[in-house]
Number of protein chains: 2
Amino acid sequence: MHLTRYTDYALRVLIYLAVKGEERSTIHEIAESFGVSRNHLMKVVQDLSRRGYITTIRGKHGGLLLNRAPEEITLGGLVRDTEHELSLVECFRDHNECIITPACRLKPIFNEAMEAFMAVLDRYTLADMLGVRQQQLARLLLIPAEET
Amino acid sequence: MHLTRYTDYALRVLIYLAVKGEERSTIHEIAESFGVSRNHLMKVVQDLSRRGYITTIRGKHGGLLLNRAPEEITLGGLVRDTEHELSLVECFRDHNECIITPACRLKPIFNEAMEAFMAVLDRYTLADMLGVRQQQLARLLLIPAEET
DNA sequence: TTAAACATGTATATAAAATACTACTTAGCG
DNA sequence: CGCTAAGTAGTATTTTATATACATGTTTAA
């Protein structure tokens, strides 16, 4: 049971952008920072852009910026947006062939568990990710200190 | 985000055995009933046996029996036993290379979410799976009605 | 008008999971 | 005593999802 790297990377991009603040960041720079595939990050970035999380600016001196306040980006929302397959077991999927489905009580129980999981994530926002640790994060990401 | 079929099948085996009650069931019969790989089920059964969930009897007229009362088998326990990889994102694993881990607040949050998820599963037992629907389950599984 | 940036589609590689295969052990039954 | 139905165990193969790479296009500031 785990989330995909896709979701993981989406979170990292948002954290990076939030730490960097007003200044533009490039995909290249973020990929370098985390030591992950630049091409894969591109897909993630496009998705985040299409969904309105970030703004992308093409051309020289282009880059990425957060498009929403960190306080308004919930973890739950993001996970729901980027994790396509949230179906825990076969009976949640389209091609379910489990014969006991009509009488089985597992589905509602797993549903309840899933909701409890998401409820926790809904309580936290990107702003909660930073907080007092913003400076430390900036250092780890090799982002020059902001003069805030 | 989903559980493996391995866990799914483990649950199905337990449900089958619980519905069948006192009578022995064979792996073959269970695999047929659900239309799943007999060989894969074998691994699951061995695992359930090693962990004390079920008793296996070799030889002619052998088969499987539940080794604990359905009321004492919790969903949470089973999932923890059969789902080996409960690490949601990279920083939960052994070979974590995410550079912001020391300052990152995601891990404790995901931990909390995971605990909320498991807490729900811990509240339900195999007995809850059957309840009023036992007859219907027996019919779906093509198990001759018990004279209870 | 060029270079730095994002955009898009397709192809390949990797890793995990599922399944299949093979050989073996146990135990009831005739 | 030997046959057969059942579980045991290890290994190999296939499948699938995910991740990564590659190739090419588009935008825009300098």
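As the structure is a computational prediction, the values presented were derived from the model and not from experiment. Chain letters run A, B, ... following the sequence lines, proteins first, then strands; residues in each count from 1.
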Residue pair Thr82(B) / Asp47(B), side-chain donor-acceptor N/O under 3.5 Å: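 No, no side-chain donor-acceptor contact under 3.5 Å.
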query: Looking just at side-chain N and O atoms, do Thr125(A) and Glu71(A) make a donor-acceptor pair shorter than 3.5 Å?
result: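 On atom types as modelled, these side chains do not qualify, holding no pair under 3.5 Å.
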Margin query: Does dA7(C) have its OP1 or OP2 closer than 4.0 Å to a side-chain nitrogen or oxygen of Thr56(A)?
Written below: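 The answer is yes; a side-chain N or O of Thr56(A) sits under 4.0 Å from OP1 or OP2.
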Task: Distance below 4.0 Å between Ser49(B) side-chain N/O and dG7(D) OP1 or OP2 - done: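 For Ser49(B), the contact criterion (side-chain N or O under 4.0 Å from OP1 or OP2 of dG7(D)) is not met.
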Any chance you could measure [X], atom [atom1], to [Y], atom [atom2], to the nearest 0.5 Å?
{"X": "Gln46(A)", "Y": "Lys43(A)", "atom1": "CD", "atom2": "NZ", "answer": "7.0 Å"}
{"X": "Ile109(A)", "Y": "Leu121(B)", "atom1": "CD1", "atom2": "CG", "answer": "8.0 Å"}
{"X": "Leu14(B)", "Y": "Asn67(B)", "atom1": "CG", "atom2": "CG", "answer": "11.0 Å"}
{"X": "Glu90(A)", "Y": "Leu106(A)", "atom1": "CD", "atom2": "CG", "answer": "12.0 Å"}

Is any side-chain heavy atom of [X] less than 4.5 Å from a side-chain heavy atom of [Y]?
{"X": "Leu78(A)", "Y": "Leu48(A)", "result": "yes"}
{"X": "Val13(B)", "Y": "Tyr53(B)", "result": "no"}
{"X": "Gln136(A)", "Y": "Pro102(B)", "result": "yes"}
{"X": "Cys98(A)", "Y": "Arg12(B)", "result": "yes"}

Please table the atom pairs, donor to acceptor, closer than 3.5 Å between any side-chain atom in residues 32-39 of chain B and protein atoms at least two apart or in another chain.
{"from": "Ser33(B)", "atom 1": "OG", "to": "Leu141(B)", "atom 2": "O", "distance (Å)": "2.9"}
{"from": "Ser37(B)", "atom 1": "OG", "to": "Asn39(B)", "atom 2": "N", "distance (Å)": "3.4"}
{"from": "Ser37(B)", "atom 1": "OG", "to": "His40(B)", "atom 2": "N", "distance (Å)": "3.0"}

Rounding to an integer number of Å, can you tell me how far [X] [atom1] sits from [N] [atom2]?
{"X": "Arg93(A)", "N": "dT16(D)", "atom1": "CZ", "atom2": "C1'", "answer": "11 Å"}
{"X": "Leu48(B)", "N": "dA9(D)", "atom1": "CG", "atom2": "P", "answer": "14 Å"}
{"X": "Gln46(B)", "N": "dT19(C)", "atom1": "CD", "atom2": "C1'", "answer": "15 Å"}
{"X": "Leu65(B)", "N": "dG7(D)", "atom1": "CG", "atom2": "C1'", "answer": "13 Å"}
{"X": "Arg24(A)", "N": "dA4(C)", "atom1": "CZ", "atom2": "P", "answer": "16 Å"}
{"X": "Met1(A)", "N": "dA16(C)", "atom1": "CE", "atom2": "P", "answer": "18 Å"}
{"X": "Asp47(A)", "N": "dT18(D)", "atom1": "CG", "atom2": "C1'", "answer": "15 Å"}

Applying side chain to side chain donor-acceptor pair (under 3.5 Å), can you list everything that pairs with Arg24(B), at least two apart in sequence or on another chain?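 None.
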task: Please list, by residue number, the residues of residues 2-14 of chain A whose heavy atoms come closer than 4.0 Å to an atom of DNA chain C; answer none if no residue qualifies.
output: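 Output list: empty, so none.
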**Message:** Please give me every residue in residues 27-43 of chain B whose heavy atoms get under 4.0 Å of an atom in DNA chain C, ordered by residue number.
**Reply:**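 Those residues are Ser37(B), Asn39(B), His40(B), Lys43(B).
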- Please report the closest heavy-atom contact between Arg123(B) and Asp128(B), naming both atoms and the distance.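 That closest heavy-atom pairing would be O-OD2, 4.0 Å.
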For His84(A) together with Tyr6(A), are the ring centres under 6.0 Å from each other?
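Aromatic pair counts; centres sit under 6.0 Å.
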*To 10°, what angle do the rotation axes through the five end pairs on each side of the helix from dT1(C)-dA30(D) to dG30(C)-dC1(D) form?*
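Computed from the C1' atoms at both ends, the axes differ by 10°.
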Map Glu83(B) and Thr26(A) onto DNA chain C by nearest heavy atom, then report which one ends up closer to the 5' terminus.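 That would be Thr26(A).
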Close N or O pairs between protein and nucleotides 24-28 of chain D (under 3.5 Å):
{"from": "dT26(D)", "atom 1": "O2", "to": "Arg58(A)", "atom 2": "NH1", "distance (Å)": "3.3"}
{"from": "dT27(D)", "atom 1": "O4'", "to": "Arg58(A)", "atom 2": "NH1", "distance (Å)": "2.8"}
{"from": "dT27(D)", "atom 1": "O2", "to": "Gly59(A)", "atom 2": "N", "distance (Å)": "3.4"}

